[in-house]
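Reading through the structure tokens given below for one structure.
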Amino acid sequence: MVDELARRRGAAGWARECDASLAECREPDGRPLVLAKPETYMNRSGYAARCLAERRGLDIADLLVVYDEAALPLGRLRLKPSGGPAGHRGMESVLAELRSGEIARLRLGIAPAAPPEDLVGFVLAPFSPGEAAAVEAMIVRAADACEAWLAAGVEAAMNRFNVPSAGEPAASSS
């Protein structure tokens with residue numbers, strides 16, 4: 001998803017800083033935009049967020065953390081302005097390192113129709129060929145959600161993207 005946003009924004013390439021891959025580009029109004037992909041273990045990804053925020057003088061309100069969520073159906077997006085980690089070790093690390101729960105986050109649903117027996121194995125495995133179309137659609141929609149967050153803020157983006165995508169059942173409210 002970060003790669004899709006970097007492609008859309010015309011990022012020239014990736015550099016390494018704070019144990020993360022970074023792409024720098026510009027928002028449509030010319031403001032700088034830094035896209036980061038931590039390269040640490042997930043449960044240590046907060047270090048990259050804190051290091052980058054400190055080095056670049058970023059306010060917590062300027063951050064949007066995007067991560068996979070095994071508690072949401074494949075393709076579902078859930079944007080929130082703040083909250084706890086809800087059992088996600090990566091988000092737990094981010095919240096601990098930044099010492100705040102006031103961090104916007106975009107959760108990308110990856111759960112299959114039937115719950116996996118081995119959650120760790122499931123999360124680390126590639127998606128099946130049958131899931132490819134749903135994953136691609138989710139990536140595009142997630143990049144759209146990030147752009148909406150940048151342009152209009154979290155509330156407007158939530159109203160637009162915290163609904164099931166076309167063809168997705170509306171039953172889950174996770």
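Treat the numbers as computed from the prediction; the structure is a model and nothing was measured.
- M91 and L72 fall into different hydrophobic clusters, where Ile, Leu, Val, Met, Phe, Trp and Tyr are joined by side-chain heavy atoms under 4.5 Å apart, directly or via other members.
- The nearest pair of heavy atoms linking N162 to R78 is O-NH1, 3.3 Å.
- When every heavy atom of A6 is checked against every heavy atom of A23, the shortest pair comes out as CB-CB, 4.4 Å.
- Of the charged side-chain nitrogens involved, none lies within less than 4.0 Å of a carboxylate oxygen, so that D29 and R26 do not count as a salt-bridged pair.
- For the ring pair (Phe, Tyr, Trp, His ring centres under 6.0 Å) test, residues two or more places apart in sequence or in another chain that qualify with Y67 are H88.
- Proximity of R44 to P38: side-chain heavy atoms (C-beta onward) are nowhere separated by under 4.5 Å.
- The distance from the CZ atom of R50 to the CZ atom of R55 is 10.0 Å, given to the nearest 0.5 Å.
- The side-chain hydrogen bond (donor to acceptor under 3.5 Å, both in side chains) contacts involving residues 122-131 comprise S128-E131, where partners must be two or more places apart or lie in separate chains.
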Q | Evaluation steps, salt bridge (charged side-chain N to carboxylate O under 4.0 Å, His left out), between D68 and R107 | A | CA-CA 6 Å; D68 62 350; R107 298 165 32 210; over 6 Å; no
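- V65 and V2 fall into different hydrophobic clusters, where Ile, Leu, Val, Met, Phe, Trp and Tyr residues are linked whenever their side-chain heavy atoms come under 4.5 Å apart, directly or through other members.
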**Q.** Stepwise side chain to side chain contact (heavy atoms under 4.5 Å, CB included) test for C146 and M1
**A.** CA-CA 9 Å; C146 289; M1 193 290 315; 3.7 Å; yes
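- Linking ILVMFWY side-chain heavy atoms closer than 4.5 Å, directly or via other members, places L58 and V34 in two distinct hydrophobic clusters.
- The neighbour count for F127 CZ, taken as heavy atoms of other residues, nucleotides or ligands under 6.0 Å away, is above 12.
- G46 and S93 make their closest contact through N-OG, 2.8 Å (heavy atoms, listed as atom of the first residue, atom of the second, distance).
- Of the inter-residue distances, the one linking L77 atom CG with M138 atom CE reads 7.5 Å to the nearest 0.5 angstrom.
- Under the 4.5 Å side-chain heavy-atom criterion for Ile, Leu, Val, Met, Phe, Trp and Tyr, F161 and M158 are members of the same hydrophobic cluster.
- In terms of modelled atom types and a separation under 3.5 Å, the side chain of N159 and the main chain of A156 share no donor-acceptor contact.
- Annotation for L108 and A142: closest pair CD2-CB, 3.5 Å, computed over non-hydrogen atoms.
- Note that CD1 of I110 is 8.0 Å distant from CD of E69, once rounded to the nearest 0.5 Å.
- Across all non-hydrogen atoms, the minimal contact from C18 to L52 is SG-N, 3.7 Å.
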Q.
Determine whether R105 and V66 satisfy the following criterion, side chain to side chain contact (heavy atoms under 4.5 Å, CB included), listing intermediate values before the conclusion.
A. CA-CA 6 Å; R105 74 276 323 260; V66 180; over 6 Å; no
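- Between Y41 and D19, the closest side-chain pair of non-hydrogen atoms is not below 4.5 Å.
- Between L95 and G101 the shortest heavy-atom distance is CD2-CA, 3.8 Å.
- L35 and V154 fall within the same hydrophobic cluster, where Ile, Leu, Val, Met, Phe, Trp and Tyr residues are linked whenever their side-chain heavy atoms come under 4.5 Å apart, directly or through other members.
- Here the SG-CG distance, from C25 to L5, works out to 6.5 Å after rounding to the nearest 0.5 Å.
- E4 is linked by a side-chain hydrogen bond (donor to acceptor under 3.5 Å, both in side chains) to R7, R8, counting only residues two or more places apart in sequence or in another chain.
- With S82 contributing its side chain and E102 its backbone, the two residues share no donor-acceptor pair below 3.5 Å.
- Using a cut-off of 4.0 Å between Lys/Arg side-chain N and Asp/Glu carboxylate O, E24 and R9 are scored as not salt-bridged.
- Going from atom CG of L64 over to atom NZ of K80 covers 13.5 Å, rounded to the nearest 0.5 Å.
- Summarising the local packing, CZ of R16 is surrounded by more than 12 heavy atoms from other residues, nucleotides or ligands at distances under 6.0 Å.
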Q.
side chain to side chain contact (heavy atoms under 4.5 Å, CB included) for V94 and Y47? Distances and angles first, verdict last.
A. CA-CA 7 Å; V94 169; Y47 166 77; over 6 Å; no
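- Summarising the local packing, CZ of R56 is surrounded by more than 12 heavy atoms from other residues, nucleotides or ligands at distances under 6.0 Å.
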Q.
side chain to side chain contact (heavy atoms under 4.5 Å, CB included), that's the test. Do W149 and L106 meet it? Break it down for me.
A. CA-CA 10 Å; W149 175 79; L106 174 61; over 6 Å; no
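- With rounding to the nearest 0.5 angstrom, the NZ atom of K37 is 10.5 Å from the CG atom of L22.
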